[in-house]
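Report on the following structure.
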Amino acid sequence: MNKVLINDTTLRDGEQAAGVAFNLQEKVAIAKFLDAIGVHEIEVGIPAMGESEMRAIAAISELGLSAKLLGWNRAVISDIQASMACGLTRMHISIPVSGIQIAAKFHGQWRITLQQLKDSISFAVDQGLWVAVGGEDSSRADENFLFDVAHYAQEWGASRFRFCDTVGVLDPFSTYTKVNRLVAALLIPVEIHTHNDFGLATANALAGIKAGALSVNTTVNGLGERAGNAALEEVVMALKRIHGIDVGIETPRLLELSRLVAAASGCSVPPWKAIVGENTFAHESGIHAHGVLQNPTTYEPFAPEEVGWERRLVVGKHSGRHLLSNVLQQYGIILNTEETQSVLDAVRQQSIQKKRSLTTQEVLHLVYEQRVSHAIR
Ligand SMILES: CC(=O)SCCNC(=O)CCNC(=O)[C@H](O)C(C)(C)COP(=O)(O)OP(=O)(O)OC[C@H]1O[C@@H](n2cnc3c(N)ncnc32)[C@H](O)[C@@H]1OP(=O)(O)O
Ligand SMILES: O=C(O)CCC(=O)C(=O)O
């Protein structure tokens with residue numbers, strides 16, 4: 001687990017999330033941002049979708065980005081021609097490898113499936129293109145058949161094979177075992193592609209990397225088909241902070257990138273979302289806030305600035321004396337023990353009524369009200 005390449009597919013699998021449709025400007029802006037923060041490879045989309053998608057992909061390929069750009073193709077020569085027409089020189093060619101998929105898409109005719117793969121790889125290689133092959137539904141495929149397809153892909157000229165957990169049915173243990181065996185069987189590198197149907201996409205992506213995959217598919221915010229994909233920000237930060245692997249991405253800009261993709265996709269990020277959710281560095285609970293005020297590492301796995309956040313201490317239903325006093329001190333207000341407790345009681349009542357934490361102004365107003373009522377008594 002040393003060098004890991006990030007192949008971000010926000011612009012392909014991310015955009016496949018139901019209801020998401022980026023326009024040309026949004027696709028260009030996201031590609032530029034991914035490139036600017038150091039993402040190594042970008043799967044820019046599916047040229048076979050037609051003219052407007054091709055225009056957007058051609059616009060990205062004309063930018064001269066440092067990131068390597070890949071077009072996603074079926075094992076169909078006209079798909080590859082469409083990718084070439086966009087100026088792309090790196091082709092990802094996908095082929096179903098499970099019995100379920102081959103039955104549905106190729107009427108169970110696996111020989112025809114393999115022939116289409118051979119024809120499309122050969123076509124692309126003859127054009128001087130770099131080729132990667134994706135085994136769609138690798139996780140549910142018969143292992144011997146998967147290995148055969150991957151070996152053929154290698155023999156026919158593919159430079160990488162993608163192991164896809166297309167419907168997100170693996171856990172980290174089974175991912176490790178399957179990917180490890182595939183890595184050992186091939187000479188070309190393996191890429192890991194995971195889905196989040198059981199909330200395991202990031203964990204499975206990490207397991208795939210640990211098993212020897214040299215590249216990983218991610219999407220910003222985990223956007224993607226159904227429950228989404230492994231999130232770029234989660235994979236990058238877990239590699240960095242849990243495994244000590246810095247993939248060279250400018251992590252303080254991850255939050256800005258998340259906001260860009262949330263706006264373009266119309267899919268907002270839940271507050272508890274790892275790394276980019278607005279609560280990731282917010283502390284309301286008394287015990288936590290007390291700890292964080294002494295030493296932030298008591299309740300933070302790394303500094304908020306590392307991913308673009310600032311720490312927030314929030315007064316609400318669960319807050320205690322230390323947090324309240326800290327907030328009030330910033331306004332030159334020092335309360336005695338009795339006053340502090342009565343303000344805290346009032347904070348709890350109001351938080352329950354408003355069903356949220358309080359703004360600083362609301363806390364200051366409660367202090368004022370408590371003082372007035374004490375003075376009257
Ligand atoms: C797991 C994944 O994420 S795979 C990627 C999924 N992404 C998308 O589907 C988004 C973009 N797709 C599209 O715009 C369209 O589906 C297109 C342009 C690719 C094809 O559109 P259409 O010609 O209208 O076909 P449609 O989408 O209804 O059906 C898919 C066809 O591709 C075939 N197909 C599916 N996967 C593959 C493959 N890997 N290689 C070759 N053919 C394939 C299907 O068998 C079916 O073929 P048929 O038309 O001969 O029956
Ligand atoms: O690249 C491929 O082969 C398919 C990728 C994919 O999106 C998936 O399998 O979920």
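Numbering of ligands and ligand atoms starts at 1, following listing order. Positions are given from 1 along the sequence. Bear in mind the structure is a predicted one, so any value in this text is a computation, not a measurement.
Contact annotation for R12 and ligand 1: only side-chain heavy atoms (C-beta onward) come within less than 4.0 Å of the ligand.
Summarising the local packing, NZ of K317 is surrounded by 12 or fewer heavy atoms from other residues, nucleotides or ligands at distances under 6.0 Å. With a 6.0 Å radius and a threshold of 12 heavy atoms from other residues, nucleotides or ligands, E51 has its CD atom at or below the threshold. Y299 OH: more than 12 foreign heavy atoms inside a 6.0 Å radius. More than 12 heavy atoms of other shown residues, nucleotides or ligands fall within 6.0 angstrom of atom CG in L63. The environment of Q294 atom CD is dense: over 12 non-hydrogen atoms of other residues, nucleotides or ligands sit within 6.0 angstrom. When the shell of 6.0 Å around CZ of R140 is examined, it contains more than 12 heavy atoms from other residues, nucleotides or ligands.
Distances between N or O atoms of D13 and those of ligand 1 include no value under 3.5 Å. Polar contact with ligand 1: present for S94 (N/O pair, distance under 3.5 Å). For R74, a nitrogen or oxygen atom sits less than 3.5 Å from a nitrogen or oxygen atom of ligand 1, counting backbone and side chain alike. Between Q16 and ligand 1, at least one pair of N/O atoms sits closer than 3.5 Å.
The protein atom (non-hydrogen) at minimum distance from atom 10 (O) of ligand 2 is H195 NE2, 2.9 Å. Scanning all protein heavy atoms for the shortest distance to atom 14 (O) of ligand 1 gives M49 CG, 3.1 Å. Distance from atom 40 (N) of ligand 1 to its nearest protein heavy atom, with residue and atom name: A75 N, 3.0 Å. Protein heavy atom nearest atom 1 (C) of ligand 1, with residue, atom name and distance: E136 OE2, 3.2 Å. Taking atom 45 (O) of ligand 1 as the reference point, the nearest protein heavy-atom neighbour is K105 O, 3.3 Å. Protein heavy atom at the shortest distance from atom 8 (C) of ligand 2 is H193 NE2, 3.3 Å. With respect to atom 10 (C) of ligand 1, the closest heavy atom belonging to the protein is I46 CD1, 3.7 Å.
No hydrogens or angles considered: nothing links the side chains of S122 and D119 as a donor-acceptor pair under 3.5 Å.
Proximity to G134 (heavy-atom distance under 4.0 Å) selects the following atoms of ligand 2: 3 (O). In summary, the atoms of ligand 1 found under 4.0 Å from a heavy atom of P96, numbered by their order in the structure, are 39 (N). In summary, the atoms of ligand 2 found under 4.0 Å from a heavy atom of R12, numbered by their order in the structure, are 5 (C), 6 (C), 7 (O). Atoms of ligand 2 lying under 4.0 Å from any heavy atom of H92, numbered from 1 in the order shown and given with element: 1 (O), 2 (C), 3 (O). Numbered from 1 in the order shown, with element, the atoms of ligand 1 that lie under 4.0 Å from a heavy atom of F106 read 41 (C), 42 (N). Within the listing of ligand 1, atoms 18 (C) sit less than 4.0 angstrom from a heavy atom of A48. Those atoms of ligand 2 that come under 4.0 Å of a heavy atom in C164, given as number and element, are 2 (C), 3 (O), 4 (C), 5 (C), 9 (O). The contact set between ligand 2 and S94, taken as ligand atoms under 4.0 Å from a residue heavy atom, comprises 2 (C), 3 (O), 4 (C). Close approach of ligand 1 to Q116 is summarised as follows: ligand atoms under 4.0 Å from at least one heavy atom of the residue are 41 (C). Ligand 1 places these atoms under 4.0 Å from at least one heavy atom of V76: 41 (C), 42 (N). Contact atoms of ligand 2 toward R162: 1 (O), 2 (C), 5 (C) (distance under 4.0 Å to a heavy atom of the residue). Each of the atoms 8 (C), 9 (O), 10 (O) of ligand 2 lies under 4.0 Å from some heavy atom of T166.
Contact between E225 and ligand 2 is absent, with no heavy atom of the residue lying under 4.0 Å from the ligand. Within the 4.0 Å heavy-atom cutoff, Q101 does not count among the residues contacting ligand 1.
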Show the numbers, then the answer: is there a side chain to side chain donor-acceptor pair (under 3.5 Å) between N73 and S83?
CA-CA 8 Å; N73 307 279; S83 286; 2.6 Å; yes
Going through the distances and angles, do L34 and V220 end up as a side-chain contact (heavy atoms from CB on, under 4.5 Å)?
CA-CA 9 Å; L34 289 166; V220 177; 4.0 Å; yes
Would you check, one step at a time, whether the test side-chain contact (heavy atoms from CB on, under 4.5 Å) holds for D137 with S139?
CA-CA 5 Å; D137 211 11; S139 47; 4.2 Å; yes
May I have the step-by-step check of salt bridge (charged side-chain N to carboxylate O under 4.0 Å, His left out) for K273 and E233, ending in yes or no?
CA-CA 10 Å; K273 164 77 182 64; E233 60 280 3; 2.8 Å; yes
Using ring-ring contact (aromatic ring centres under 6.0 Å, His included), reason through F161 and Y152 one step at a time and then give a plain yes or no.
CA-CA 11 Å; F161 189 84; Y152 282 129; over 10 Å; no
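A donor-acceptor pair under 3.5 Å is absent between the side-chain atoms of S285 and the main chain of I287, judged by distance alone.
Checking atom 29 (O) of ligand 1 against the protein gives no heavy-atom contact under 4.0 Å. Counting protein heavy atoms under 4.0 angstrom from atom 16 (O) of ligand 1 gives zero. In this structure, atom 49 (O) of ligand 1 has its sub-4.0 angstrom surroundings free of protein heavy atoms.
Contact annotation: the side chain of E136 never approaches that of R74 to less than 4.5 Å [non-hydrogen atoms, C-beta and beyond]. Two residues are said to be in side-chain contact when any heavy atoms from C-beta on lie closer than 4.5 Å; E41 and D8 fail this criterion. In this structure, D171 and F198 have side chains that are not in contact, with every pair of non-hydrogen atoms separated by 4.5 Å or more.
For the side chain to side chain donor-acceptor pair (under 3.5 Å) criterion with E43, the lone passing option out of H193, R12, K68 is R12.
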